[in-house]
Number of protein chains: 2
Amino acid sequence: MKIDKSLVRTFPLFEKMDDADTEALLVHSTSRRVPVGEAVFEQGAAATHFFLLLHGRLKVTQVTEDGQQIIVRVVHPGDLFGFAKALMRSDYPGTATAVAESIALSWPTELWPQFVDKNPRLAVTAMQTIGQRLEEAHARIREMSTQEVERRVAHAVLRLAKQAGRKEGGAVRIDFPISRQDIAEMTGTTLHTVSRIMSAWEAKGLVEGGRQKLTVKDVDGLSALAETVKG
Amino acid sequence: MKIDKSLVRTFPLFEKMDDADTEALLVHSTSRRVPVGEAVFEQGAAATHFFLLLHGRLKVTQVTEDGQQIIVRVVHPGDLFGFAKALMRSDYPGTATAVAESIALSWPTELWPQFVDKNPRLAVTAMQTIGQRLEEAHARIREMSTQEVERRVAHAVLRLAKQAGRKEGGAVRIDFPISRQDIAEMTGTTLHTVSRIMSAWEAKGLVEGGRQKLTVKDVDGLSALAETVKG
DNA sequence: CTCTTTCTTTGACACACCGCAAACATGGGA
DNA sequence: TCCCATGTTTGCGGTGTGTCAAAGAAAGAG
């Protein structure tokens with residue numbers, strides 16, 4: 001399949017790569033369309049490929065032994081994902097599902113060492129990515145350890161607004177379908193509690209919600225809420 | 001300082017390294033004694049060195065903006081730690097404090113690339129380590145999202161027993177001083193709740209506690225409790 | 001256009017957990 | 001040896017959140 005090179009070049013990963021190297025990467029890649037609800041890979045499956053999201057939005061989830069689901073992270077265009085093998089894992093630790101119509105590029109994991117060898121920038125980027133993820137995970141642990149639900153939800157929503165926000169006048173609209181349940185799974189609570197919190201916010205004019213829709217109307221107000229030291 | 005090479009060789013990192021390579025690493029290292037309560041490095045400080053724990057026990061902590069502390073992980077002998085630079089960070093994300101008299105080896109971070117270059121095994125080990133840590137972090141997030149406090153504490157204690165346990169008859173004693181507060185900071189609760197839970201366990205004969213002491217008397221019983229699906 | 005499914009909202013209730021407070025152990029230092 | 005700092009235990013009340021239950025929107029299917 002023909003890849004739009006100019007799109008790819010806008011991603012941080014390729015920013016400082018020359019055309020030849022970019023081409024060398026792309027020529028080995030396969031592109032795939034992923035309809036909403038479909039999984040790119042599933043938790044526990046053998047890690048045969050690693051991926052780059054070109055377009056759309058994915059959520060990476062894990063299921064606990066007793067059947068509860070959590071959202072580990074949201075994958076945005078330009079993100080590398082599913083490179084378990086680079087971390088010396090043989091299987092994917094989570095499931096990546098499209099929450100919006102998506103297009104992903106994939107490479108066989110066997111090619112990873114060659115690519116890294118040929119283009120050290122890839123290794124650096126991968127390391128940075130992993131480092132960031134570890135940090136994010138720790139930040140989340142910190143939040144869950146010390147903050148009450150409302151603040152956690154506020155943080156999660158603000159993060160989404162930043163990463164997937166689309167300005168609409170003074171407001172910021174989350175640019176993909178997201179449910180109360182999703183937000184609950186990102187913050188470690190229940191959809192009921194999320195719903196209640198968001199109703200309260202709506203009454204205060206901070207956000208505007210709808211079925212799988214969410215718009216932040218007052219970013220500053222919500223930020224204030226997120227940073228509020230209790231007491 | 002003279003390093004005991006035979007000790008080092010028992011660590012997984014060096015297991016498959018030959019004497020020459022091991023020597024090459026050690027010759028550039030500095031060893032340092034760390035008394036209880038002292039920090040090897042502090043959160044936010046420039047990452048000038050990376051470390052290997054030879055002996056003792058450290059805890060890595062982070063402090064939130066509003067002053068609350070959490071324990072990110074416990075460092076055991078043989079563990080690499082503080083290699084922020086390998087993840088392209090310029091500062092340490094946490095503080096590493098000795099909870100028992102410790103000895104750590106350190107190398108300047110500038111040497112990391114050379115070492116990796118010369119000994120690819122180091123890179124692989126580092127990657128594995130990071131991968132594991134990311135997984136552990138996600139496991140912890142999963143736990144905190146879905147499990148009530150008692151189960152989380154049970155898991156934490158069992159983990160400690162496995163990583164730092166010392167068999168004493170049928171029981172397993174945690175081999176370093178650990179307070180209720182510490183356990184609270186590892187599980188995202190308060191020392192009061194931990195104390196209450198452990199009192200209950202003690203009454204059931206599962207554990208035996210004391211001032212900064214903890215012995216698991218019935219590992220199976222505690223495991224059962226940790227796995228119990230509520231309801 | 002209506003039916004059905006999926007998502008959301010809201011209420012009522014219970015309880016796990018936290019915060020506050022005070023007494024109680026423990027071990028090291030003077 | 002006694003004392004003091006530090007860690008632990010326990011009680012009590014408040015409340016933030018989960019659970020259960022049911023009704024109300026919204027979107028897609030037929």
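Each chain gets a letter, A, B and so on, in the order the sequences are listed, and its residues count up from 1.
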Self-check item: Whole-Å distance separating the CE atom of M198(B) from the P atom of dT9(D)
Solution: 7 Å

Quiz prompt | Nearest-nucleotide pick for S195(A), side chain only, options being dC18(C), dG7(D), dT9(C) | solution = dT9(C)

Quiz item: Considering all heavy atoms of both residues, which atom of G165(B) and which atom of V172(B) are nearest to each other, and what is their separation?
Solution: CA-CG1, 3.5 Å

Exercise. Can you tell me which residue pairs pass the salt bridge (charged side-chain N to carboxylate O under 4.0 Å, His left out) test with a partner in residues 97-108 of chain A, sequence neighbours excluded?
Key: R33(A)-E101(A)

Self-check item: Proximity to the side chain of R196(A) - top-ranked nucleotide from dG19(C), dT17(D), dT19(D)
Solution: dT19(D)

Quiz item: In chain order, what residues pass the ring-ring contact (aromatic ring centres under 6.0 Å, His included) check against F83(B), with sequence neighbours excluded?
Solution: W112(B)

Practice problem: May I ask you to evaluate whether T190(A) reaches the phosphate of dT17(D), defined as a side-chain N or O under 4.0 Å from OP1 or OP2? | Solution: no

Quiz prompt | Greater than 12 external heavy atoms within 6.0 Å of H76(B)'s NE2 | solution = yes

Self-check item: Rounded distance in Å - CD (Q212(A)) to P (dT5(C))
Solution: 17 Å

Exercise. Could you pull out all residues at least two apart from T64(A) that satisfy side chain to side chain contact (heavy atoms under 4.5 Å, CB included)?
Key: D66(A), Q68(A), R142(B), T146(B)

Produce the list of close N/O pairs, under 3.5 Å, pairing protein atoms with atoms of nucleotides 22-24 of chain C; give distances to one decimal.
none

Quiz item: What closest approach, in Å, do R133(B) and L80(B) show between heavy atoms, and which atom pair accounts for it?
Solution: NH2-O, 3.1 Å

Practice problem: For I197(A) and dG11(C), give me the distance from atom CD1 to atom C1', rounded to whole Å. | Solution: 17 Å

Quiz item: What is the bend of the helix from dC1(C)-dG30(D) to dA30(C)-dT1(D) when you compare the axis at one end with the axis at the other, using five pairs each and rounding to 10°?
Solution: 30°

Practice problem: Can you label the angle between the Y92(B) ring and the F51(B) ring as parallel, tilted or perpendicular, going by 30° and 60°? | Solution: tilted

Quiz item: For dG16(D), does either OP1 or OP2 sit under 4.0 Å from a side-chain N or O belonging to T193(A)?
Solution: no

Quiz item: Taking protein heavy atoms under 4.0 Å as touching, what does nucleotides 25-30 of chain C look like 5' to 3' if B marks base contact, S marks sugar-phosphate-only contact and - marks none?
Solution: BBS---

Quiz item: Would you say a side-chain N or O of S179(A) is under 4.0 Å from OP1 or OP2 of dC7(C)?
Solution: no

Quiz prompt | Full working for side-chain contact (heavy atoms from CB on, under 4.5 Å) between F176(B) and Q212(B) | solution = CA-CA 8 Å; F176(B) 63 94; Q212(B) 309 225 76; over 6 Å; no

Practice problem: May I ask you to say what G210(B) touches in the nucleic acid, namely base, sugar-phosphate or nothing, with a heavy-atom cut-off under 4.0 Å? | Solution: sugar-phosphate

Practice problem: Figure out the CD1/C1' separation between I178(B) and dG7(D), and round it to whole Å. | Solution: 13 Å

Quiz prompt | Side chain of R180(A) (C-beta onward), nearest among dT17(D), dC12(D), dT9(C) | solution = dT9(C)

Quiz prompt | Minimum-distance pair of heavy atoms, taken over all atoms of V63(B) and Q43(B) | solution = N-OE1, 3.0 Å

Quiz item: Got Q69(A) and Q62(A) here, is their nearest side-chain heavy-atom distance under 4.5 Å?
Solution: no

Quiz item: Quick one: E208(A) CD to dA26(D) P, roughly how many Å, whole number?
Solution: 12 Å

Exercise. Sequence neighbours left out, what pairs pass salt bridge (charged side-chain N to carboxylate O under 4.0 Å, His left out) with at least one residue falling in residues 155-180 of chain B?
Key: E143(B)-R159(B), R166(B)-D175(B), E168(B)-R173(B)

Quiz item: Which whole-number value in Å describes the distance from E185(A) CD to dT8(C) C1'?
Solution: 15 Å

Self-check item: Sugar-phosphate only, base, or nothing, as touched by S199(B) at under 4.0 Å among non-hydrogen atoms
Solution: sugar-phosphate

Quiz item: Taking atom C1' of dT8(C) as reference, at what distance in whole Å does atom CD1 of I183(A) sit?
Solution: 12 Å

Practice problem: Would you please name every residue forming a salt bridge (charged side-chain N to carboxylate O under 4.0 Å, His left out) with E135(B), sequence neighbours left out? | Solution: R89(A)

Exercise. Tell me, please, which residues at least two apart from E42(A) pass side-chain hydrogen bond (donor to acceptor under 3.5 Å, both in side chains).
Key: none

Exercise. Kindly state which residues belonging to residues 137-147 of chain B come within less than 4.0 angstrom of DNA chain D, counting heavy atoms of the residue only, listed by number.
Key: none

Practice problem: Could you list all the salt bridge (charged side-chain N to carboxylate O under 4.0 Å, His left out) pairs where at least one residue sits in residues 181-196 of chain A, not counting sequence neighbours? | Solution: K59(A)-D182(A)

Quiz item: Whole-Å distance between dT8(D) C1' and E202(B) CD?
Solution: 11 Å

Quiz prompt | Pairs involving residues 206-219 of chain B, ordered by first then second residue, that meet salt bridge (charged side-chain N to carboxylate O under 4.0 Å, His left out) (sequence neighbours left out) | solution = E208(B)-K217(B)

